[in-house]
There are 2 protein chains.
Amino acid sequence: MGLAKTEMFTDLQNEIALYAKVFGHPARVAILQKLFAIDACYCGDLVNEIGLAQPTISQHLKELKHLGLIKGNVEGTSVCYCINTEKWTKMKEVMIQFLDQDIPKADCC
Amino acid sequence: MGLAKTEMFTDLQNEIALYAKVFGHPARVAILQKLFAIDACYCGDLVNEIGLAQPTISQHLKELKHLGLIKGNVEGTSVCYCINTEKWTKMKEVMIQFLDQDIPKADCC
DNA sequence: AATATTAATCGTAATATTGCAATATATAAA
DNA sequence: TTTATATATTGCAATATTACGATTAATATT
(Lines give C-alpha, C1' and ligand atoms only; values in the text may rest on other atoms or scores of the structure.)
Protein backbone atom coordinates (compact mmCIF):
# COMPACT_ATOMS: atom_id res chain seq x y z
CA MET A 1 0.00 0.00 0.00
CA GLY A 2 2.09 2.94 1.24
CA LEU A 3 -1.19 4.82 1.47
CA ALA A 4 -2.51 6.03 4.81
CA LYS A 5 -6.22 5.38 5.43
CA THR A 6 -6.94 8.99 6.38
CA GLU A 7 -10.72 8.56 6.33
CA MET A 8 -10.67 6.58 9.55
CA PHE A 9 -9.08 9.40 11.54
CA THR A 10 -10.24 12.78 12.78
CA ASP A 11 -9.39 15.99 10.94
CA LEU A 12 -7.12 16.96 13.80
CA GLN A 13 -5.24 13.68 13.69
CA ASN A 14 -4.72 14.04 9.96
CA GLU A 15 -3.68 17.67 10.36
CA ILE A 16 -1.07 16.81 12.97
CA ALA A 17 0.23 13.97 10.79
CA LEU A 18 0.52 16.25 7.75
CA TYR A 19 2.53 18.86 9.62
CA ALA A 20 4.72 16.21 11.21
CA LYS A 21 5.32 14.54 7.89
CA VAL A 22 6.77 17.68 6.37
CA PHE A 23 9.15 18.00 9.34
CA GLY A 24 10.09 14.35 8.88
CA HIS A 25 13.05 15.05 6.64
CA PRO A 26 16.26 16.70 7.89
CA ALA A 27 16.61 18.80 4.74
CA ARG A 28 13.28 20.48 5.39
CA VAL A 29 14.20 20.99 9.03
CA ALA A 30 17.47 22.58 7.90
CA ILE A 31 15.70 24.84 5.40
CA LEU A 32 13.29 26.08 8.05
CA GLN A 33 16.05 26.68 10.59
CA LYS A 34 17.94 28.67 7.99
CA LEU A 35 14.89 30.77 7.15
CA PHE A 36 14.38 31.49 10.83
CA ALA A 37 18.03 32.37 11.28
CA ILE A 38 18.31 34.86 8.45
CA ASP A 39 14.68 35.94 8.02
CA ALA A 40 14.75 35.57 4.24
CA CYS A 41 16.81 33.49 1.90
CA TYR A 42 17.34 32.89 -1.77
CA CYS A 43 16.84 29.42 -3.11
CA GLY A 44 20.42 29.34 -4.41
CA ASP A 45 21.78 30.09 -0.95
CA LEU A 46 19.92 27.10 0.41
CA VAL A 47 21.37 24.89 -2.32
CA ASN A 48 24.87 26.04 -1.30
CA GLU A 49 24.21 25.80 2.43
CA ILE A 50 22.66 22.34 2.36
CA GLY A 51 24.60 19.88 0.20
CA LEU A 52 21.75 18.65 -1.97
CA ALA A 53 21.20 19.22 -5.69
CA GLN A 54 19.16 22.20 -6.84
CA PRO A 55 16.13 20.17 -8.02
CA THR A 56 16.06 18.37 -4.68
CA ILE A 57 16.01 21.59 -2.69
CA SER A 58 13.39 22.99 -5.03
CA GLN A 59 11.22 19.97 -4.35
CA HIS A 60 11.54 20.30 -0.57
CA LEU A 61 10.71 24.01 -0.82
CA LYS A 62 7.64 23.12 -2.84
CA GLU A 63 6.36 20.83 -0.09
CA LEU A 64 6.89 23.46 2.58
CA LYS A 65 5.17 26.03 0.39
CA HIS A 66 2.29 23.66 -0.36
CA LEU A 67 1.53 23.38 3.35
CA GLY A 68 1.74 27.16 3.57
CA LEU A 69 4.60 27.23 6.06
CA ILE A 70 6.82 29.32 3.76
CA LYS A 71 6.30 31.99 1.12
CA GLY A 72 8.30 32.53 -2.05
CA ASN A 73 8.87 35.97 -3.51
CA VAL A 74 10.14 36.23 -7.09
CA GLU A 75 12.87 38.85 -7.46
CA GLY A 76 14.20 38.94 -10.95
CA THR A 77 15.68 35.55 -11.75
CA SER A 78 15.89 34.45 -8.16
CA VAL A 79 13.25 33.61 -5.56
CA CYS A 80 13.38 34.79 -1.99
CA TYR A 81 11.85 32.41 0.54
CA CYS A 82 10.70 33.17 4.05
CA ILE A 83 8.59 31.80 6.90
CA ASN A 84 4.85 32.43 6.64
CA THR A 85 4.57 33.68 10.19
CA GLU A 86 0.78 33.54 10.40
CA LYS A 87 0.62 29.93 9.26
CA TRP A 88 3.59 28.97 11.39
CA THR A 89 1.83 30.30 14.48
CA LYS A 90 -1.29 28.31 13.69
CA MET A 91 0.70 25.14 13.07
CA LYS A 92 2.63 25.69 16.28
CA GLU A 93 -0.56 25.85 18.32
CA VAL A 94 -1.82 22.58 16.89
CA MET A 95 1.48 20.77 17.32
CA ILE A 96 2.25 22.06 20.80
CA GLN A 97 -1.21 21.13 21.99
CA PHE A 98 -0.52 17.60 20.79
CA LEU A 99 2.97 17.43 22.30
CA ASP A 100 1.98 19.08 25.56
CA GLN A 101 -0.70 16.67 26.68
CA ASP A 102 -0.83 15.94 30.37
CA ILE A 103 1.67 13.28 31.20
CA PRO A 104 0.02 10.30 32.93
CA LYS A 105 0.97 9.80 36.59
CA ALA A 106 2.02 6.16 36.43
CA ASP A 107 4.43 4.93 33.80
CA CYS A 108 2.65 1.69 32.97
CA CYS A 109 -0.06 -0.72 34.00
CA MET B 1 16.16 6.91 -3.96
CA GLY B 2 13.79 7.16 -1.01
CA LEU B 3 16.79 7.41 1.29
CA ALA B 4 17.51 10.61 3.19
CA LYS B 5 21.14 11.73 3.15
CA THR B 6 21.34 12.05 6.93
CA GLU B 7 25.12 12.46 6.97
CA MET B 8 24.88 15.99 5.62
CA PHE B 9 22.76 17.23 8.51
CA THR B 10 23.38 17.91 12.18
CA ASP B 11 22.43 15.42 14.86
CA LEU B 12 19.71 17.77 16.04
CA GLN B 13 18.23 18.11 12.57
CA ASN B 14 18.16 14.34 12.18
CA GLU B 15 16.69 13.92 15.67
CA ILE B 16 13.88 16.37 14.95
CA ALA B 17 13.17 14.66 11.64
CA LEU B 18 13.03 11.22 13.28
CA TYR B 19 10.54 12.34 15.90
CA ALA B 20 8.46 14.16 13.32
CA LYS B 21 8.46 11.17 11.02
CA VAL B 22 6.90 8.94 13.64
CA PHE B 23 4.14 11.52 14.15
CA GLY B 24 3.66 11.68 10.40
CA HIS B 25 0.95 9.02 10.30
CA PRO B 26 -2.54 9.59 11.73
CA ALA B 27 -2.70 6.07 13.17
CA ARG B 28 0.33 6.74 15.36
CA VAL B 29 -1.11 10.10 16.39
CA ALA B 30 -4.35 8.33 17.32
CA ILE B 31 -2.52 5.64 19.29
CA LEU B 32 -0.61 8.26 21.29
CA GLN B 33 -3.73 10.32 21.98
CA LYS B 34 -5.47 7.19 23.22
CA LEU B 35 -2.58 6.29 25.50
CA PHE B 36 -2.62 9.81 26.94
CA ALA B 37 -6.38 9.67 27.42
CA ILE B 38 -6.54 6.40 29.30
CA ASP B 39 -3.01 6.15 30.71
CA ALA B 40 -2.56 2.52 29.66
CA CYS B 41 -4.08 0.42 26.97
CA TYR B 42 -4.03 -3.12 25.64
CA CYS B 43 -2.99 -3.69 22.08
CA GLY B 44 -6.34 -5.32 21.32
CA ASP B 45 -8.22 -2.25 22.53
CA LEU B 46 -6.25 -0.13 20.08
CA VAL B 47 -7.09 -2.52 17.25
CA ASN B 48 -10.79 -2.12 18.11
CA GLU B 49 -10.61 1.62 18.64
CA ILE B 50 -8.72 2.40 15.44
CA GLY B 51 -10.10 0.57 12.42
CA LEU B 52 -6.86 -1.00 11.21
CA ALA B 53 -5.91 -4.67 11.18
CA GLN B 54 -4.02 -6.15 14.11
CA PRO B 55 -0.69 -6.59 12.28
CA THR B 56 -0.88 -2.97 11.13
CA ILE B 57 -1.43 -1.64 14.64
CA SER B 58 1.30 -3.92 15.92
CA GLN B 59 3.68 -2.43 13.35
CA HIS B 60 2.84 1.15 14.31
CA LEU B 61 3.31 0.27 18.00
CA LYS B 62 6.70 -1.18 17.13
CA GLU B 63 7.82 2.09 15.56
CA LEU B 64 6.68 4.12 18.55
CA LYS B 65 8.40 1.67 20.89
CA HIS B 66 11.56 1.70 18.80
CA LEU B 67 11.86 5.46 19.30
CA GLY B 68 11.23 4.90 22.99
CA LEU B 69 8.07 7.02 23.15
CA ILE B 70 5.97 4.13 24.49
CA LYS B 71 6.54 1.09 26.68
CA GLY B 72 4.93 -2.31 26.39
CA ASN B 73 4.20 -4.48 29.39
CA VAL B 74 3.42 -8.16 28.83
CA GLU B 75 0.49 -9.34 30.98
CA GLY B 76 -0.34 -12.91 30.27
CA THR B 77 -1.37 -13.19 26.64
CA SER B 78 -1.95 -9.50 26.19
CA VAL B 79 0.39 -6.50 26.15
CA CYS B 80 -0.32 -3.27 27.94
CA TYR B 81 1.10 -0.17 26.29
CA CYS B 82 1.69 3.25 27.81
CA ILE B 83 3.56 6.51 27.26
CA ASN B 84 7.21 6.54 28.31
CA THR B 85 6.90 9.81 30.19
CA GLU B 86 10.62 10.43 30.58
CA LYS B 87 11.31 10.03 26.88
CA TRP B 88 8.21 11.97 25.93
CA THR B 89 9.40 14.93 28.01
CA LYS B 90 12.79 14.88 26.33
CA MET B 91 11.23 14.68 22.89
CA LYS B 92 8.86 17.49 23.74
CA GLU B 93 11.73 19.79 24.68
CA VAL B 94 13.50 19.15 21.38
CA MET B 95 10.38 19.58 19.27
CA ILE B 96 9.04 22.63 21.06
CA GLN B 97 12.40 24.34 20.81
CA PHE B 98 12.24 23.78 17.05
CA LEU B 99 8.64 24.92 16.71
CA ASP B 100 9.01 27.87 19.03
CA GLN B 101 11.78 29.71 17.23
CA ASP B 102 11.54 33.46 17.20
CA ILE B 103 9.23 34.52 14.45
CA PRO B 104 10.93 36.99 12.08
CA LYS B 105 9.57 40.54 12.14
CA ALA B 106 8.97 40.99 8.44
CA ASP B 107 7.08 38.40 6.44
CA CYS B 108 9.29 38.43 3.38
CA CYS B 109 12.10 40.19 1.58
C1' DA C 1 -2.18 -32.44 26.45
C1' DA C 2 -5.48 -29.94 23.52
C1' DT C 3 -7.55 -25.66 22.60
C1' DA C 4 -8.26 -20.72 22.86
C1' DT C 5 -6.53 -16.04 23.08
C1' DT C 6 -3.47 -12.32 22.15
C1' DA C 7 0.14 -10.15 19.90
C1' DA C 8 4.38 -10.42 16.97
C1' DT C 9 6.51 -11.63 12.66
C1' DC C 10 6.81 -12.82 7.73
C1' DG C 11 5.80 -12.15 3.07
C1' DT C 12 4.05 -9.38 -0.31
C1' DA C 13 1.40 -5.93 -3.14
C1' DA C 14 0.45 -1.12 -3.76
C1' DT C 15 1.92 3.34 -3.22
C1' DA C 16 5.02 7.17 -1.59
C1' DT C 17 9.44 9.39 -0.99
C1' DT C 18 14.01 10.81 -2.12
C1' DG C 19 17.48 12.39 -5.17
C1' DC C 20 19.27 13.86 -9.39
C1' DA C 21 20.25 14.45 -14.54
C1' DA C 22 18.15 16.59 -18.18
C1' DT C 23 15.25 19.93 -19.64
C1' DA C 24 12.11 23.85 -19.52
C1' DT C 25 10.96 28.51 -18.10
C1' DA C 26 11.59 33.12 -16.99
C1' DT C 27 14.05 37.21 -16.30
C1' DA C 28 18.51 39.98 -16.71
C1' DA C 29 22.47 41.49 -19.03
C1' DA C 30 25.21 42.25 -23.02
C1' DT D 1 18.26 39.21 -29.97
C1' DT D 2 21.60 36.34 -28.02
C1' DT D 3 23.54 34.78 -23.80
C1' DA D 4 23.79 34.14 -18.88
C1' DT D 5 21.59 33.16 -14.46
C1' DA D 6 18.25 31.23 -11.31
C1' DT D 7 14.61 28.26 -10.38
C1' DA D 8 10.94 24.89 -11.61
C1' DT D 9 9.50 20.71 -13.84
C1' DT D 10 9.93 16.10 -15.81
C1' DG D 11 11.29 11.46 -15.80
C1' DC D 12 13.19 7.85 -13.58
C1' DA D 13 15.77 4.60 -10.44
C1' DA D 14 16.36 3.20 -5.70
C1' DT D 15 14.39 2.75 -1.45
C1' DA D 16 10.76 3.31 2.19
C1' DT D 17 6.09 3.02 3.92
C1' DT D 18 1.57 1.20 4.55
C1' DA D 19 -1.61 -2.44 4.98
C1' DC D 20 -2.99 -7.03 5.62
C1' DG D 21 -3.44 -12.31 5.15
C1' DA D 22 -1.09 -16.11 6.87
C1' DT D 23 1.62 -17.84 10.22
C1' DT D 24 4.16 -18.13 14.49
C1' DA D 25 4.99 -17.63 19.45
C1' DA D 26 3.64 -17.42 23.98
C1' DT D 27 0.63 -17.82 27.65
C1' DA D 28 -4.23 -19.29 29.64
C1' DT D 29 -7.86 -22.20 30.02
C1' DT D 30 -10.11 -26.52 29.81
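A, B, ... follow the sequence lines: proteins, then strands. Residue 1 opens every chain. The figures here come from the full heavy-atom set of this structure, side chains too, leaving out hydrogens, waters and symmetry mates.
Rounded to whole Å, the distance from CG on B:Leu64 to C1' on C:dA8 is 15 Å. Look at NE2 on B:His66: it is 12 Å from P on C:dT9, rounded to the nearest Å. Whole-Å rounding puts the B:Glu75 CD to C:dT6 C1' distance at 12 Å. The OH atom of B:Tyr42 sits 18 Å away from the C1' atom of C:dA8 (whole-angstrom rounding). Straight-line distance from the CD1 atom of B:Ile50 to the P atom of D:dT18: 14 Å, rounded to whole Å. As rounded to whole Å, 12 Å separates atom P of C:dT17 from atom NZ of A:Lys62. For B:Leu61 and C:dT9, the CG to P distance is 11 Å, given to the nearest whole Å. Taking atom CD of B:Glu7 as the reference point, atom C1' of C:dT18 lies 13 Å away to the nearest angstrom.
For B:Asp102, the CG atom sits in a loose shell: 12 or fewer heavy atoms of surrounding residues, nucleotides or ligands are nearer than 6.0 Å. Residue-environment remark: CG (A:Asn48) exceeds the threshold of 12 foreign heavy atoms within 6.0 Å.
Checking the phosphate oxygens (OP1, OP2) of D:dA6, no side-chain nitrogen or oxygen of A:Ser78 falls inside 4.0 Å. For the pair A:Ser58 and D:dA8, the criterion of a side-chain N or O lying under 4.0 Å from OP1 or OP2 is met. A close approach under 4.0 Å does not occur between any side-chain nitrogen or oxygen of A:His60 and OP1 or OP2 of C:dT17. Put simply, B:Lys21 has no side-chain N or O that comes within less than 4.0 Å of OP1 or OP2 on D:dA16. Look at A:Tyr81 and you'll find a side-chain N or O under 4.0 angstrom from OP1 or OP2 of D:dA8.
In this structure, A:Leu52 reaches the sugar-phosphate backbone alone: every heavy-atom distance under 4.0 Å involves primed, P, OP1 or OP2 atoms, never a base.
Taking the six-membered ring where tryptophan is involved, the planes of B:His25 and B:His60 are tilted, since the angle between them lies from 30° to 60°.
For A:Thr77, taking side-chain heavy atoms from C-beta onward, the closest of the listed nucleotides C:dA8, D:dT5, C:dG19 is D:dT5. Of the candidates C:dT18, D:dA8, D:dA16, the closest approach to any side-chain atom of B:Leu3 belongs to D:dA16.
Between A:Val74 and A:Ala53, the residue anchored closer to the 5' end of DNA chain C is A:Ala53, taking for each the nucleotide with the nearest heavy atom. For the pair A:Thr56 and A:Gly76, nearest-nucleotide mapping onto DNA chain C gives the more 5' position to A:Thr56. When each of A:Cys43 and B:His25 is assigned the nucleotide of DNA chain D with its nearest heavy atom, A:Cys43 is the one assigned upstream, toward the 5' end.
For A:Gln54 against D:dA6, a side-chain-to-base donor-acceptor contact under 3.5 Å is absent. In terms of polar N and O atoms assigned as donor or acceptor, the side chain of A:Gln59 never comes within less than 3.5 Å of the base of D:dA8 in a complementary pairing.
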Dump the intermediate steps for side chain to side chain contact (heavy atoms under 4.5 Å, CB included) on B:Leu46 and B:Leu52, then the final yes or no.
CA-CA 9 Å; B:Leu46 292 166; B:Leu52 295 170; over 6 Å; no
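Side-chain contact between A:Phe23 and B:Lys21: absent, with no pair of heavy atoms (C-beta onward) separated by less than 4.5 Å.
A 3.5 Å limit on both hydrogen-bonding distances identifies C:dA7 as the Watson-Crick or G-U partner of D:dT24.
Within the 3.5 Å criterion, the main-chain N or O of A:Lys71 finds no donor-acceptor partner in the side chain of A:Asn84.
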